[in-house]
Structure formats: structure tokens, C-alpha cells
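One structure is given here, and the rest of the page talks about it.
Just follow the structure's listing: the first ligand is 1, and inside any ligand the first atom is 1.
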Amino acid sequence: MRIHSLGYVGVESPAASEWLALGPDVYGLEVEEKSDSAGESVLRVSWDDRAYRLAVHPGPDHKLAYIGWELHSATDLDGAVAELRAHGVEVTEAKPEERADRSVRYLFHFKDPFGNRHELFSGQLTFEGRFRGGHYQSQFVTGSQGLGHAVLVVPDIEQAVEFFTRVLGLKTSDITRVGGPFSEMWFLRAANPRHHSLGLMGMAGMSGLQHVMIETKNMDAVGMAYDAAHKAGLPISSSMGRHIGDRMLSFYARTPTGFDFEIGWDSIQVDDGSWSAQYFDSAEGWVGEVWGHEYSHLGMNPTVHPVDPQHS
Ligand SMILES: [Fe+2]
């Protein structure tokens, strides 16, 4: 199975409505308030012509609600579902109202070994030419590369890697041994040139969404967001810097909805046919960054929770 790209991410938070200002004012994104099929409000955050890329649902806790993976076609989707079932994964076809809530034509869902809900879809509603953004240079790298990337904290990195590479078919771009409370970080790509669509950070006993990354087409948009984040009083989780690995120039801010948000520019792209996984190790003197990226609270945020005993 080759998943094409990361299509959307859904979260819950008691502070969901903060995105109405945060999206346009800090990041230059568009935010639309909608009602779902149960009559609940949802904030749809867009950074291209898709109906949304991030859905923020009001809820009692900060938590990851779902991750949406895009397949090229309904045929590919059927094939992926059959493969998952052959691996013993319980996959459910979505009801018509669930498809409507996600604005997709075809939809299935399943859980990973840690209880996170994943969705496989094809045909997300698109409004060609609609996206304008909140800043004069609001242009983001999406298209074949999907929304950007999401990074999960997982309680068992080996179990997670087994599932996401051998069952879900993602490929390894980089492996890093971080040190401290973390075991390893794995950077996994889908069938597109983005260096990683999913990052996994191993941390005993913990599970959740560490951050979501969006990539701009120009450096100024990162600087403008940096200024705006300061002005909005967002805690800066990591100062500006450039990563080793994907070589992204970026910074991270803690959103009022619990998870961290990375906005970056100038990542490398990966040739799927020729890339070999890189391995970095802090114990061998690896520093992790080309420059910058001073972290104030690497890994932990209110969207990362102690593991549900059901999934430990
Ligand atoms: Fe990232």
C-alpha cells in the first residue's frame, strides 16, 4: 500500500474558537466555522483550495481526534482497505454523514495500536481558486505533498514503526536517537516528495499530537508569523532555526488548543526511488540542528497524554 499524502488533521480542544483569530492573524490561513451533522460547531482551517486541512472541534480536552490519509482514487482506497484487513486491522466504512462531515467522497477509518483514529479517504472537496489567505504572501506548499506533516508522541516506538511502515506502508526518511526522555524519532514519508508526512517520537507512557507543520513558499511568511506569534502572546516552543534532516527553516509556537504548530520554509524534497534512510545519534555528537531551534519544552504539550491503559 502507498498512501499518497497527509490530507487533513482533526483535533478537539476547549479553546477551539481561538483559531478564528489565530489562523488568519498569525499564520495567514483561512478559518471557516461550520456545523457538523450532529449540529456541533467545527472550525475548518485552510491553507489551500481544499475544504480544510485542519479541523478544530470544541471538546473538554486538548486531544488528537483523527488523521486523514489521502489515496489517489477509490480503487487505491479499496486496495488499501483490503491490505489493512489482511494485516488484521479492523477497518470500518464511514457512514454518509461521516463522509459529509469530512467533505470527502470515499472514507474508511481504523485505529492504530495506541488508539489514535486514522481515516483513509479519496476525493476531498476542493474550491478551485478560493484560497486567498490572511497575509499578502499566503502561499503554502501542498498539492501532491499534502498538508505538511504531523508528529505523534508514541509510547512504544518499535511498535509504532512496525505499524506505520509495515502495515500502513510509509517509508523511512530519517531515524534519530534524541536522548533525554525520548527513545527515537522516526520521520516517515508517503508517496510524494515531502521528506516526512508523519513523525513519531517515542516516549514511555505518553501518546498524542506533538505538532502540525505547514510549509510556506517564501521565507518572509515565516518571519511574519514569528512577529505575529510574539504579538499574539503565543509561547514560542522553539525559536527560529533550520533542522538537520528535512532542512526546514522554521519555528514552533504553542497554540491555545494544546498542540504545537510549526511553520517552515525551504525543506528539501525526497526522491522516493533513490533516498536511503539517514540515521542521526545524539550520543555520537549529533547536534540536531543546522542552527537555532532552541526548544523550551520539547515533546510535551497538553495534547500529549498518559497512555490509555487499554492501549498500553
Ligand atoms: Fe516538524
Side-chain angles (χ1 to χ4, degrees), residues 5-9 11 26-27 29 45 47 53-54 64 67 69 116 140-142 145-154 157 160-161 164 170-178 180 182-190 192-203 206 208-217 219 221-222 225-226 229 234-255 257-270 277-278 280 282 286-301 303-304:
S5 60
L6 179 61
Y8 55 78
V9 172
V11 297
V26 176
Y27 296 108
L29 312 179
V45 185
W47 47 97
R53 290 295 196 169
L54 170 70
L64 175 67
I67 293 182
W69 296 102
N116 299 307
F140 298 92
V141 179
T142 57
Q145 296 191 54
L147 71 82
H149 66 237
V151 172
L152 301 181
V153 170
V154 293
I157 192 70
V161 168
F164 288 107
L170 301 178
K171 290 192 177 179
T172 304
S173 291
D174 289 350
I175 307 160
T176 68
R177 199 153 74 112
V178 189
F182 305 103
S183 46
E184 288 179 336
M185 286 189 70
W186 285 64
F187 299 89
L188 307 180
R189 69 181 181 279
N192 73 70
R194 191 177 290 288
H195 175 274
H196 59 286
S197 292
L198 183 70
L200 300 169
M201 303 176 82
M203 187 186 243
M206 303 300 288
L209 177 64
Q210 208 288 320
H211 72 267
V212 171
M213 188 286 307
I214 62 172
E215 184 178 0
T216 72
K217 289 185 178 174
M219 191 180 74
V222 180
Y226 201 60
L234 295 187
I236 302 299
S237 316
S238 166
S239 64
M240 198 83 78
R242 191 186 283 275
H243 288 305
I244 297 281
D246 68 3
R247 298 267 157 176
M248 186 82 78
L249 186 153
S250 68
F251 79 96
Y252 297 62
R254 168 73 53 81
T255 68
T257 41
F259 61 95
D260 290 87
F261 204 70
E262 177 185 13
I263 181 165
W265 167 75
D266 197 33
S267 173
I268 57 165
Q269 295 189 1
V270 165
Q278 304 183 107
F280 303 104
S282 62
W286 163 69
V287 292
E289 306 294 339
V290 180
W291 57 270
H293 280 147
E294 292 291 329
Y295 294 95
S296 57
H297 52 71
L298 184 64
M300 297 302 293
N301 67 37
T303 316
V304 176

Distance-minimising heavy-atom pair for Ala150 and Val9: CB-CG2, 4.4 Å

Quick check on the Fe ion (ligand 1): does His149 put an N/O/S atom closer than 2.8 Å to it? yes

Residue His211 atom name (nearest to the Fe ion (ligand 1); N/O/S): NE2

Have a look at Glu262 and say which of its N, O or S atoms is nearest the Fe ion (ligand 1). OE1

Ring geometry between His196 and Phe187 (parallel below 30°, tilted from 30 to 60°, perpendicular above 60°): perpendicular

Name the orientation class of the two ring planes belonging to Tyr295 and His243 (parallel below 30°, tilted from 30 to 60°, perpendicular beyond 60°). parallel

Is Arg177 atom CZ crowded by more than 12 heavy atoms from other residues, nucleotides or ligands, each under 6.0 Å away? no

